[in-house]
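Here's the structure, in structure tokens; my notes come after.
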Amino acid sequence: MKLLVVGSVAFDAIETPFGKTDKILGGAATYIGITSSILGVKSGIVSVVGGDFPQEHLDMFTDRDVNIEGIEIVKEGKTFFWSGKYHNDLNTRDTLATEVNVLENFDPKIPDSMQDAEILLLGNLHPGVQLSVLEKMNNRPKLVILDTMNFWMDSAWDILMDMIAKTDVITINDEEARQLSGEYSLVKAAKKIHTMGPEYVIIKKGEHGALLFHDNKVFAIPALPLEDVFDPTGAGDTFAGGFAAYLAKKEKIDFDTMKSALIVGSAMASFTVEKFGTERIEEVSEADMFSRLRQFKELTTFDVELQ
């Protein structure tokens with residue numbers, strides 16, 4: 001299946017207890033595109049960048065067979081930029097700067113070559129922009145996956161509800177799930193979110209793994225314990241990319257396949273945090289991925305004798 005990704009291709013500047021960077025490649029669609037290429041899935045990115053965006057980054061996508069016909073270049077504009085500083089626990093951060101730039105007037109354009117994409121992954125953008133993508137597609141994709149955040153819950157509630165109603169899978173963190181549902185229990189939160197539209201609800205818990213809800217079924221996975229964690233910035237996007245790409249590769253959409261997809265997403269995210277920005281995930285090979293998946297299997301497989 002083809003995977004269409006709509007999201008930011010951007011610059012980040014990051015500071016953590018382990019170091020800091022100048023302006024580096026970032027953005028949700030960037031991490032997702034790289035991750036899908038590792039799984040050998042045909043993907044395309046719809047985004048916008050400024051004239052300051054280096055050609056070498058665009059070449060990196062094409063070298064990985066990622067379709068970039070949908071990346072608009074506004075030559076007189078500047079690319080979206082975010083700067084942040086992480087606290088010692090790496091779970092909390094302060095935003096130091098956000099420069100929306102060309103993303104402010106982003107009007108997604110779906111190339112003809114990606115109109116037949118069966119899976120649509122909508123990165124964290126204004127829900128009005130996300131809705132416009134669905135309206136511009138000739139046919140509704142088989143699976144619509146939505147990422148959103150508390151900022152849109154605060155500032156664009158009504159249109160976010162319209163978007164969620166048209167979503168098959170929503171992926172949010174535990175704090176966002178509680179805000180969206182008004183429920184503290186994540187089980188109750190997922191049930192409430194189901195009634196809003198999504199058939200599948202994924203709740204990310206950072207270093208504590210993730211939960212998948214469907215009907216009355218629940219599947220939980222841990223995060224892989226790592227020796228080195230440098231930068232969690234792109235972890236959630238890499239997770240979503242691995243999840244969506246696995247479904248596209250298997251050409252199957254059901255709860256059991258999503259369980260495996262969740263593990264693949266978590267495995268891929270575990271690479272991203274090991275270095276700053278996209279540096280680590282760009283190094284990962286298919287063999288590396290399989291090796292890490294084996295680590296996950298060893299972590300979660302056990303036998304219990306019940307007398």
Side-chain angles (χ1 to χ4, degrees), residues 6-7 28 32 91-92 118-131 133-134 140-223 235-248 250 252-267 269 296 300:
V6 183
I32 295 165
N91 290 320
T92 53
E118 293 95 336
I119 297 180
L120 172 63
L121 176 48
L122 295 166
N124 180 21
L125 297 167
H126 190 289
V129 174
Q130 295 172 325
L131 273 172
V133 174
L134 275 180
R140 188 190 188 279
K142 291 180 180 178
L143 191 73
V144 177
I145 305 172
L146 175 72
D147 187 14
T148 191
M149 67 182 299
N150 46 20
F151 178 80
W152 306 121
M153 297 174 201
D154 293 333
S155 62
W157 178 265
D158 290 343
I159 195 166
L160 175 61
M161 290 299 103
D162 290 342
M163 183 63 241
I164 289 176
K166 294 176 169 62
T167 297
D168 301 307
V169 183
I170 186 170
T171 169
I172 48 180
N173 67 30
D174 46 2
E175 177 189 356
E176 293 157 351
R178 290 182 172 116
Q179 180 174 345
L180 183 61
S181 65
E183 298 283 356
Y184 182 80
S185 160
L186 294 180
V187 176
K188 289 182 178 179
K191 287 182 178 179
K192 186 83 169 283
I193 295 168
H194 276 314
T195 67
M196 299 174 183
E199 188 176 352
Y200 299 90
V201 177
I202 297 172
I203 300 179
K204 299 172 290 186
K205 300 180 67 184
E207 63 180 325
H208 303 296
L211 299 164
L212 171 66
F213 297 88
H214 171 62
D215 290 335
N216 292 315
K217 303 174 187 173
V218 185
F219 178 66
I221 62 165
D237 299 317
T238 307
F239 173 88
F243 174 82
Y246 182 82
L247 294 177
K250 290 298 177 182
K252 196 172 183 183
I253 298 169
D254 58 27
F255 185 70
D256 285 337
T257 310
M258 285 194 185
K259 286 161 62 174
S260 298
L262 213 68
I263 293 170
V264 172
S266 190
F296 257 96
T300 56

Closest non-hydrogen atom pair between [X] and [Y], with its separation:
X      : Y      : result
Phe239 : Ser266 : CD1-N, 3.5 Å
Pro127 : Leu160 : CB-CA, 3.7 Å
Pro141 : Glu118 : CB-O, 3.4 Å
Val169 : Thr167 : O-CG2, 3.0 Å
Pro222 : Phe296 : O-CE2, 3.4 Å
Gly241 : Ile32  : CA-CG2, 3.8 Å

Can you tell me how far the [atom1] atom of [X] sits from the [atom2] atom of [Y], to the nearest 0.5 Å?
X      : Y      : atom1 : atom2 : result
Ile164 : Ile172 : CD1   : CD1   : 7.0 Å
Leu146 : Ile202 : CG    : CD1   : 11.0 Å
Asp158 : Met161 : CG    : CE    : 8.5 Å

Considering residues at least two apart in sequence or located in another chain, which fulfil the side chain to side chain donor-acceptor pair (under 3.5 Å) criterion with [X]?
X      : result
Asp256 : none
Asp254 : Thr257
Glu199 : none
Gln179 : Asp154

| field | Val187 vs Lys191, side-chain contact (heavy atoms from CB on, under 4.5 Å): CA-CA, chis, key distance, verdict | value | CA-CA 6 Å; Val187 176; Lys191 287 182 178 179; 4.3 Å; yes
Do [X] and [Y] come close enough that some side-chain heavy atom pair is under 4.5 Å?
X      : Y      : result
Asn124 : Phe151 : no
Leu131 : Lys166 : yes
Ile159 : Trp152 : no
His208 : Asp174 : no
Arg178 : Leu186 : yes
Thr171 : Phe243 : no

| message | What verdict does the side-chain contact (heavy atoms from CB on, under 4.5 Å) test give for Met258 and Ile253, after you've listed the backbone C-alpha separation in whole Å, the side-chain angles of each residue and the deciding distance to 0.1 Å? | response | CA-CA 7 Å; Met258 285 194 185; Ile253 298 169; 3.9 Å; yes
| field | salt bridge (Lys or Arg N to Asp or Glu O under 4.0 Å) involving Asp168 - partner list, sequence neighbours excluded | value | Arg140
| query | Is a side-chain donor or acceptor of Asn173 paired with a backbone partner of Glu175 at a separation under 3.5 angstrom? | reply | yes
| Is the backbone N or O of Ser181 less than 3.5 Å from a side-chain atom of Lys192, with the two atoms forming a donor-acceptor pair by type? | yes
| task | Assess whether atom NZ of Lys259 is packed by more than 12 heavy atoms of other residues, nucleotides or ligands within 6.0 Å. | result | yes
| Option from Leu212, Leu262, Thr300 for which side-chain contact (heavy atoms from CB on, under 4.5 Å) with Ile221 holds | Leu262
| request: Would you mind telling me which of Thr148, Ile170, Asp147, Val133 makes a side-chain contact (heavy atoms from CB on, under 4.5 Å) with Leu122? | output: Val133
| task | Could you pull out all residues at least two apart from His214 that satisfy ring-ring contact (aromatic ring centres under 6.0 Å, His included)? | result | Tyr200, Phe255
| request: With side-chain contact (heavy atoms from CB on, under 4.5 Å) as the test, would you mind laying out the steps for Gln130 and Val6 before giving the verdict? | output: CA-CA 8 Å; Gln130 295 172 325; Val6 183; over 6 Å; no
